[in-house]
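By convention here, the first residue in the shown sequence is residue 1.
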Amino acid sequence: SFMVPRAVGTFCMAALGASAASAAVATALSGNGLDFFLSWMTTVALGMLIVTPPIVMLARMVGSNALHNVPGAMKAQTIAILTAAAFVTGVCFSQSEFPVTFLPCVAVIAASSRLGPFGAASGMLIVAIIAALLTGQGYGPIAAMDESQKVEVLFLQFYLVTMLFIALPLAALLVGQRRLAKRLEQSNRWLLQAEAAALVGHWRVDLVRWTIQWSDQAYRVHGLVPGMPVTVKYSVGQYLPEDRVAVQRILADAVASGDAFEYQGRIVRADGEIRHVKSHGSIEKSRSGKAIAIFGTVQDVTETVENARILESARSAAERVANTDMLTGLPNRRHTLSFLDQALRSAAQDGAPLAVAIFDIDHFKLINDVHGHATGDEVIRRVGQRAKSSLREDDMVGRFGGEEFVCILQGRSAQSAEMVAERVRKAVESDTDGGDFPGVTVSIGLAAYAGEASIEDLLQRADKALYMAKREGRNRLRMAA
């Protein structure tokens, strides 16, 4: 293929080798000397190098019906370029006053540039035919040389071979360049489509010139029209102040260490909208290892962040529902036991005081029987809220089941815990609205942590104290032994 530089080189080497072998055979059969060998070899080599390429390429185009697919305008342009090459060559080699043998070279290079290898080969064939005919008839600058015919022929061959070795490789290189350019254009087009689909752009900061370049999608992420001039200061200034410092620190550390980086922050777009963006990148280094640029990607992850927030909110809501008693809004039995288990572990490790109070509503069955279950539920709600309002934030009261509640008093000595539990009892006793809501009381059993190995042991002590309070008349507090 004359479209590939390496293949062109292989063809030239094969032609030279074949012509040398042919000359060697002819010289051996004729018994002539070195001059005959060189004349034969150069003539045969030049013939193959000039005639073979256009014949091969034309035959392939005819065989593949490629000629039928060539637009009419391109055919006309090809004829015009080759006709111009013939005209220039005819003018140059029909006179000897001006030595302008370089002009056919220009014509062949123009044909190579516009028409590719076929233009180079066809142009060379035209130049070779016209130059050989006119020089043979004594026209042109080569025929006007004050040298022997042998020297003139060798010089013409040298002229044609030199032009050929320039035109064919140049045409093949141009074809390769155009193919690479087309692939690069296609790759860039796919990259832009991929960036747009994934909402990912890319950017590059030149640390030497202190300039920044954005891809089209990077502009869109920032709410700008692609192509607008931007600066490094503007790019960093898009981040919210609380995120900007962290971004600058991460980039500075990456430049100093040369390691890859990743960060996430919030930017204020040109339209004022706040968006969450995420960047990944690496540091470009020179051959000496010095950081010369920062390359990174930028992705709009606002929807991802928002979905994560919604999911976390839903998870937290589900957890609250799972841990909350629906009637009172207090922690349910499950959450209360979990909280108590953590408090017991802390008390065992740190030696901090801990106390547990269990209380229930006195004569609650009678309240349900006389006033109904709706009133009973309201009583449970109000008792729970009165108990909660009597505790610190570090303490906790939860509904254990039915009309029974548990208070967990952290950091409380036995005496302090007893005072708090008594405050809870009095708060419930004093709660009355003067209407149909019945006044109620609670009995409380209190147990201070004394090295129990499990929460069951501590609760059992408090429960025994509760039954003691009930046996002694209710509406009272008793401390476990």
Side-chain angles (χ1 to χ4, degrees), residues 315-317 319-362 379-431 440-470 472 474-481:
R315 188 196 64 79
S316 298
E319 185 175 350
R320 285 195 300 273
V321 170
N323 292 328
T324 302
D325 175 63
M326 293 297 100
L327 178 62
T328 62
L330 298 176
N332 57 17
R333 181 186 184 92
R334 173 178 172 272
H335 191 195
T336 301
L337 290 176
S338 177
F339 187 88
L340 179 58
D341 184 64
Q342 294 179 2
L344 187 68
R345 292 176 184 272
S346 298
Q349 293 175 0
D350 304 335
L354 173 66
V356 174
I358 299 180
F359 66 91
D360 64 10
I361 302 172
D362 296 329
V379 168
I380 292 175
R381 274 194 296 268
R382 296 184 65 159
V383 168
Q385 293 306 314
R386 295 294 287 182
K388 181 180 179 180
S389 63
S390 303
L391 303 179
R392 304 174 308 174
E393 289 186 3
D394 293 341
D395 300 330
M396 190 184 86
V397 58
R399 185 185 178 194
F400 219 51
E403 74 277 14
E404 189 175 47
F405 297 82
V406 171
C407 289
I408 303 171
L409 310 175
Q410 297 186 95
R412 301 276 194 180
S413 63
Q415 184 178 3
S416 175
E418 189 173 6
M419 294 174 61
V420 173
E422 181 62 19
R423 188 164 66 239
V424 170
R425 187 192 67 77
K426 290 181 178 179
V428 174
E429 184 182 26
S430 63
D431 181 29
V440 297
T441 60
V442 294
S443 299
I444 304 176
L446 179 66
Y449 173 66
E452 283 83 0
S454 66
I455 58 175
E456 288 78 9
D457 295 339
L458 184 58
L459 288 172
Q460 188 176 12
R461 288 179 56 221
D463 196 51
K464 289 181 178 179
L466 171 62
Y467 280 103
M468 186 186 304
K470 286 182 174 294
E472 294 180 5
R474 294 185 170 82
N475 191 23
R476 66 194 64 225
L477 164 70
R478 288 293 178 264
M479 172 74 73

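For the salt bridge (Lys or Arg N to Asp or Glu O under 4.0 Å) test, residues two or more places apart in sequence or in another chain that qualify with Glu452 are Arg461. Among residues two or more places apart in sequence or in another chain, the salt bridge (Lys or Arg N to Asp or Glu O under 4.0 Å) test is passed with Lys464 by none. Remark: Arg399 pairs with Asp325 by the salt bridge (Lys or Arg N to Asp or Glu O under 4.0 Å) rule, at least two apart or across chains. The salt bridge (Lys or Arg N to Asp or Glu O under 4.0 Å) test applied to Arg423 returns no partner, not counting sequence neighbours.
When all heavy atoms of Ala355 and Leu446 are compared, the pair lying nearest together is CB-CD1, 4.1 Å. When all heavy atoms of Pro331 and Val397 are compared, the pair lying nearest together is CD-O, 3.3 Å. Closest of all the heavy-atom pairs between Gly402 and Ile380 is O-CD1, 3.7 Å. Scanning all heavy atoms of the two residues, the minimum distance from Ala480 to Ala465 falls at N-CB, 3.7 Å. The heavy-atom pair separating Ser390 from Val420 by the smallest distance is O-CG1, 4.4 Å. Of all heavy-atom pairs between Met326 and Thr324, the closest is CE-O, 3.2 Å.
The residue from Arg474, Lys470, Arg425 that alone fulfils the salt bridge (charged side-chain N to carboxylate O under 4.0 Å, His left out) condition with Asp360 is Lys470. Among the candidates Val440, Ile444, Thr441, the single residue satisfying the side chain to side chain contact (heavy atoms under 4.5 Å, CB included) test with Val428 is Val440.
Taken from CG in Leu330 to CZ in Arg381, the straight-line distance is 11.5 Å, to the nearest 0.5 Å. Here the straight-line distance linking atom CG of Asp463 with atom CD of Glu456 works out to 12.5 Å at 0.5 Å rounding. With rounding to the nearest 0.5 Å, the separation of CZ in Arg382 from OG1 in Thr328 is 14.5 Å. In this structure, the separation between CD1 on Ile455 and CD on Gln342 is 10.5 Å, given to the nearest 0.5 Å. Note that CD of Glu429 and CD of Glu422 are 8.5 Å apart. Values are rounded to the nearest 0.5 Å. One finds the CE atom of Met468 at 11.0 Å from the CE atom of Met479 (value rounded to the nearest 0.5 Å).
For the pair Thr336 and Phe405, the minimum side-chain heavy-atom distance is 4.5 Å or more. Contact annotation: the side chain of Val383 never approaches that of Asp431 to less than 4.5 Å [non-hydrogen atoms, C-beta and beyond]. A heavy-atom distance below 4.5 Å is not found between the side chains of Val356 and Tyr449.
Under a 3.5 Å cut-off, the side chain of Ser443 and the backbone N or O of Asn475 do form a donor-acceptor pair. Checking side-chain atoms of Gln410 against main-chain N and O of Leu340 turns up no donor-acceptor pair under 3.5 Å. The main-chain N or O of Glu319 is found under 3.5 Å from a side-chain atom of Asn323 such that the two form a donor-acceptor pair.
Other residues, nucleotides and ligands contribute only 12 or fewer heavy atoms inside 6.0 Å of the CD atom of Gln415.
A salt bridge (Lys or Arg N to Asp or Glu O under 4.0 Å) check over residues 330-349, counting only residues at least two apart or in different chains, returns the pairs Asp341-Arg345. Residue pairs meeting the salt bridge (Lys or Arg N to Asp or Glu O under 4.0 Å) criterion with at least one member in residues 404-421, sequence neighbours excluded: Asp395-Arg412.
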Steps toward side-chain contact (heavy atoms from CB on, under 4.5 Å) verdict (Ile408, Phe339): CA-CA 8 Å; Ile408 303 171; Phe339 187 88; 3.5 Å; yes

side-chain contact (heavy atoms from CB on, under 4.5 Å) between Leu459 and Leu337, intermediate numbers included: CA-CA 10 Å; Leu459 288 172; Leu337 290 176; 3.8 Å; yes

